[in-house]
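In what follows, a single structure is set out as structure tokens and then discussed.
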2 protein chains.
Amino acid sequence: MAKNDHNQTLHDPLDALLGYQLRRASSVMMADLSAALRETGLRPVEASIMLVIESSPGCTQSDVGRLLAIKRANMVPLIAGLFKRDLVYRAPVDGRSQALFLSPAGEAMAREAHSAIDRHEQRFQALFEDADVSKLLAALRQIRTLG
Amino acid sequence: MAKNDHNQTLHDPLDALLGYQLRRASSVMMADLSAALRETGLRPVEASIMLVIESSPGCTQSDVGRLLAIKRANMVPLIAGLFKRDLVYRAPVDGRSQALFLSPAGEAMAREAHSAIDRHEQRFQALFEDADVSKLLAALRQIRTLG
DNA sequence: TATTGTTATACTCTATAACTATA
DNA sequence: TATAGTTATAGAGTATAACAATA
């Protein structure tokens, strides 16, 4: 409930909409994550790519794109940016794919990213009991199944 | 859990991150909402603006922007687009603001939007018990308070 | 001084189509 | 034929700065 300059009460007709609340909550968390990662120089999408490569060394950029729902075409400048900063390196798998690995600098950067992400996640998860966080995550995974 | 072409197991290191699951779930629902609204010719953001004007006739475009977290500068082409389609009309409040109202065509369009949104919401809310939908909405509102 | 509506602009994100080389 | 990586490009979405008119 809010009021405008002319004393008109503005109530939010979207308040009970799952899609709307999801979008607004997601936008709040994304902004906080951006801020948390600021000092690392990584954007959220770059940090997520680094963590995927860290957990699956040798995966291809198409693999990463499929996992994170990023189109192949959009992966190109993202991986190129990480490569140019010497955070990842590539090794040929076959004539068309290249395996991705974190460089030593990339490993260090991944540790910084983990630390920033953990602090950021903790800030929000602290709003809930542990069991409720699990239920929330389960609900969000359920929603994703309809995509 | 997924496998790539070279039998490498790809597990998702972001699976337990609230921010990530929120973003992915939100993106699934937004895509579904876009599709649900397609035949009305409204984009999600336009539909949400229409519903706010419907529920608070006479509000200004700055009011709408504040409620929906849309910057004043970005409201201009949105309201102009609805105005050009004769879905909303404006009446001067004072020298600088104009009150917004739905035209008869806008009221009809709002009913179509409600119907499409209801079907879309039902598709997702049907994944859960009613009490769990309420808990989910409450959790998302909690997350928004940290923004 | 602060606010409304506006213009101009830029940057990010996402999407598509088309090409090459390889499998 | 299908896939990996790439280029080019277009469309959203979002952000800031600045201005005129008004409160």
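Proteins get letters first, then strands, A, B, ... in listed order; numbering begins at 1 in each. Hydrogens, waters and symmetry mates are skipped; everything else that's a heavy atom, side chains included, is used.
In the interface, the side chain of B:R72 is not paired with the base of C:dT4 through any donor and acceptor atom under 3.5 Å apart. One can find a donor-acceptor pair under 3.5 Å joining the base of C:dA15 and the side-chain atoms of A:N74.
Each of B:D94 and A:D63 was matched to the nucleotide of DNA chain D holding its nearest heavy atom; the match closer to the 5' end belongs to A:D63. Nucleotides of DNA chain D nearest to A:V76 and A:R96 differ in position, and the one nearer the 5' end is that of A:R96. Where B:T60 and A:A69 each meet DNA chain C at their nearest nucleotide, the meeting point lying more 5' is that of B:T60.
Dashed line: the shortest gap from a side-chain N or O of A:R66 to OP1 or OP2 of D:dA4 is under 4.0 Å. Between B:R43 and D:dG13 there is a side-chain polar atom (N or O) within less than 4.0 angstrom of OP1 or OP2. Listed pair B:S62 / C:dT3 fails the phosphate criterion, with no side-chain N or O lying under 4.0 Å from OP1 or OP2.
One interatomic measurement links the two molecules: CG of B:L78 to P of D:dA12, which rounds to 12 Å at whole-angstrom precision. The distance between atom CZ of B:R24 and atom C1' of C:dT14, rounded to the nearest whole Å, is 14 Å. Atom CE in B:M75 sits roughly 14 Å away from atom P in D:dA15 (whole-Å rounding). The interatomic distance linking A:I70 (CD1) with D:dT6 (P) rounds to 15 Å, in whole Å. Atom NZ in B:K71 sits roughly 11 Å away from atom P in D:dA17 (whole-Å rounding). The nearest whole Å value for the distance from the CZ atom in A:R90 to the P atom in D:dG5 is 9 Å. Counting to the nearest Å, the P atom of D:dT7 and the CD1 atom of A:I79 are 14 Å from each other. Distance CE (B:M30) to P (C:dC13): 16 Å, rounded to an integer number of Å.
Between the side chains of B:D94 and B:S97, at least one donor N or O lies within less than 3.5 Å of an accepting N or O.
Annotation: side chain of A:E46 is not in contact with side chain of A:L37 (no heavy-atom distance under 4.5 Å).
Salt bridge status for B:D15 with A:R141: present, with a side-chain N to carboxylate O gap under 4.0 Å.
In the set C:dG5, C:dT16, D:dA17, D:dA17 carries the atom at the smallest distance from any side-chain atom of B:A73.
A:V45 and A:M29 fall into different hydrophobic clusters, where Ile, Leu, Val, Met, Phe, Trp and Tyr side chains are chained together by heavy-atom contacts under 4.5 Å.
Here the CG atom belonging to B:L78 is positioned 6.0 Å from the CZ atom belonging to B:R43, to the nearest 0.5 angstrom.
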